[in-house]
Amino acid sequence: MSEVQQPSQSRPGDVGTKQRARVQGWCLSLFLLLCLAEPIIVESKTPQSTALLPGSNSLQSWLVPPVRKDLKVYAFHVRNPEQVQQGGKPVLEEVGPFVYTAVTVKDSVDQDSGKEHLQYNEDGET
């Protein structure tokens, strides 16, 4: 009769356990490094990309926002007002759409001084 070998059990001092702990340590270290570096990276890039400088995309988007504001309205015409006044069922005709578009354009020129830039006071007012 031949003996069947049992698979070896992992022990705390096993090589696989040590490698797994080492990999987990490296992953944790990398995660912490990214968490610490992220605010520095974002803060260094944000002012460059959001500054309202002449000729910049940010200034153009601020002056003429790329989002259109449209309002579509439908109305209904009652075709049989006399019958409705006597308690009858209305016959309606849809009329529309009536479309209203709001166009927002900002002007960065100060009307008093003629300056073409924005200057904020300490209270946040322009």
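Applying the side-chain hydrogen bond (donor to acceptor under 3.5 Å, both in side chains) rule to Ser29 yields no partners; only residues at least two apart in sequence or on another chain are considered.
Under the 4.5 angstrom side-chain criterion for Ile, Leu, Val, Met, Phe, Trp and Tyr, the cluster partners of Leu30 are Leu34.
Residues in residues 21-35 take part in no salt bridge (Lys or Arg N to Asp or Glu O under 4.0 Å) pair, two or more places apart or across chains.
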For a quick test of your reading: what N or O donor-acceptor pairs under 3.5 Å do the side chains of residues 71-90 make, sequence neighbours left out?
from  : atom 1 : to    : atom 2 : distance (Å)
Arg79 : NH1    : Glu93 : OE1    : 2.7
Asn80 : OD1    : Val91 : N      : 2.8
Asn80 : ND2    : Lys89 : O      : 3.0

